[in-house]
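Everything on this sheet refers to the single structure shown next.
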Amino acid sequence: MKITVRYFANMRDRMGRAEESVALTDGGVTVEELWAKVSPNAPLPTNVLIAVNMEYTDAAHPLKDGDEVAFFPPVTGG
Amino acid sequence: MKITVRYFANMRDRMGRAEESVALTDGGVTVEELWAKVSPNAPLPTNVLIAVNMEYTDAAHPLKDGDEVAFFPPVTGG
Amino acid sequence: MKVIVQEQAFDPYKETSAYEREHVPVGKHGAVVTFVGTMRDFNDGHDVTTMYLEHYPNMTERHIEQVCQEALDKWDVDDALVLHRYGEMTIGDPIVLVAVWSAHRAHAFDACRYIINYLKERAPFWKRESTQAGEQRWVEHNTEDPGVNSQGAKQRSA
Amino acid sequence: MKVIVQEQAFDPYKETSAYEREHVPVGKHGAVVTFVGTMRDFNDGHDVTTMYLEHYPNMTERHIEQVCQEALDKWDVDDALVLHRYGEMTIGDPIVLVAVWSAHRAHAFDACRYIINYLKERAPFWKRESTQAGEQRWVEHNTEDPGVNSQGAKQRSA
């Protein structure tokens with residue numbers, strides 16, 4: 001399955017990219033497992049926020065083909 | 001001593017006048033006693049508000065020469 | 001801080017903009033809360049067509065200024081503007097504007113709410129409504145509790 | 001109800017007036033509360049000169065709309081308008097406008113405050129400030145607790 005991964009604000013700076021497409025062979029992969037694939041050398045920062053298809057969720061969220069996953073720091077709008 | 005008395009809203013309708021000047025011979029007269037003079041036939045309505053020199057007060061307030069006393073119903077601005 | 005009680009109609013948003021442009025330093029406040037009260041076409045189940053708002057000149061200004069000063073003492077407020085009309089008005093007309101500038105959102109909300117609540121409780125104004133049936137009547141009480149500060153859910157505070 | 005996320009600068013008071021004129025029936029609401037958040041020239045003790053506000057397109061609109069819908073469900077609100085900027089902005093610029101129309105003053109205040117508080121908590125925007133020293137930094141957290149609803153006296157909710 002194919003996942004679109006997006007990074008915002010300091011997460012983009014940290015990753016050195018804004019977006020990537022990740023191919024995963026097996027279903028049932030969680031956000032946490034996806035993170036281990038895109039960032040093999042650093043664990044998921046504790047204060048990072050996660051959205052799947054633009055809804056907030058957590059690292060245990062299982063992914064399906066076509067999902068858009070986003071990693072970003074606490075929001076500071078308004 | 002001379003007191004200016006003012007009536008607003010339904011109190012003016014009720015009294016049939018907006019303002020009057022009342023001469024009182026003795027000092028130490030209270031608002032309640034002033035009311036008995038301007039309205040000998042009807043007691044002070046219970047929900048009436050009283051201001052002396054534009055500050056809220058009650059019927060026991062003692063008056064002095066030159067005071068402006070106002071009687072009016074609960075306010076409904078804003 | 002400025003308090004104006006006037007007979008002529010006003011545009012609350014133009015007044016807020018103009019006051020901010022002329023009196024409020026740029027980049028200091030961060031938060032502005034405004035309250036605008038407008039004339040409704042109904043009140044206590046009556047269909048209202050026009051309203052006359054009587055006031056006690058000078059006492060109104062004095063008491064609105066007192067309420068504003070209390071808000072400035074209680075919260076971190078940079079500035080406040082209050083405009084209040086009297087006289088004849090028609091449906092939809094703005095009756096009152098309260099605008100508060102603060103560095104802190106919570107303070108701007110609290111102070112604005114305080115000013116309108118206590119203005120409604122203490123500023124000597126009286127509404128006389130004319131209904132479609134041609135009847136005139138003094139409004140006996142405001143439909144909302146002036147002290148109300150509830151976080152309540154859907155409940156009419158009539 | 002209308003939610004707009006845009007790059008270009010806006011005048012919050014002209015927008016409120018225009019929206020009211022075009023969308024809000026005359027004489028029904030009685031109470032309008034607006035909140036305007038503007039860019040300050042300081043934050044966490046830094047002197048700030050410009051700011052870039054990044055956002056997550058579509059997710060921002062979706063979450064602001066959700067927050068507005070929650071407010072409409074919780075309180076008697078006739079209508080609500082939210083405008084939020086992204087991109088480059090300078091000191092004094094309005095960043096966000098929340099306007100709420102209601103028949104009830106308390107409901108207008110509560111709903112407006114709810115919308116701005118939860119927008120700040122959930123809408124995916126990130127501020128990057130440039131200081132006078134030429135330094136750029138991501139703002140780590142808003143200076144005010146987004147959930148704050150206190151009636152507290154002079155206390156900076158930093």
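Since we're looking at a predicted model, the values are computed, not measured.
Both the backbone and the side chain of D:R122 come within contact range of chain A, judged by heavy atoms closer than 4.5 Å. With a 4.5 angstrom heavy-atom cutoff, D:H55 touches chain A only via backbone atoms. Heavy-atom distances place the backbone of A:N53, and not its side chain, under 4.5 Å from chain D.
Residue with the most contacts toward chain A among D:Q66, D:R128, D:R85: D:Q66 (heavy-atom pairs, distance under 4.5 Å). Per-residue heavy-atom pair counts under 4.5 Å with chain D were compared for A:A51, A:P73, A:P74, and the maximum is reached by A:P73.
Here the side chains of A:R12 and D:E54 are in contact, with some heavy-atom distance below 4.5 Å.
A perpendicular orientation is assigned to the rings of D:W101 and D:H29, their planes being inclined by more than 60° (bins at 30° and 60°).
The distance from atom CD of D:E15 to atom CD of D:E20, rounded to the nearest 0.5 Å, is 13.5 Å.
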Quiz prompt | Chi angles and distances behind the ring-ring contact (aromatic ring centres under 6.0 Å, His included) call for D:Y56, D:W126 | solution = CA-CA 9 Å; D:Y56 186 166; D:W126 304 276; 7.2 Å; no

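Side chain to side chain, D:Q136 and D:Y52 fail the donor-acceptor criterion of an N or O pair below 3.5 Å.
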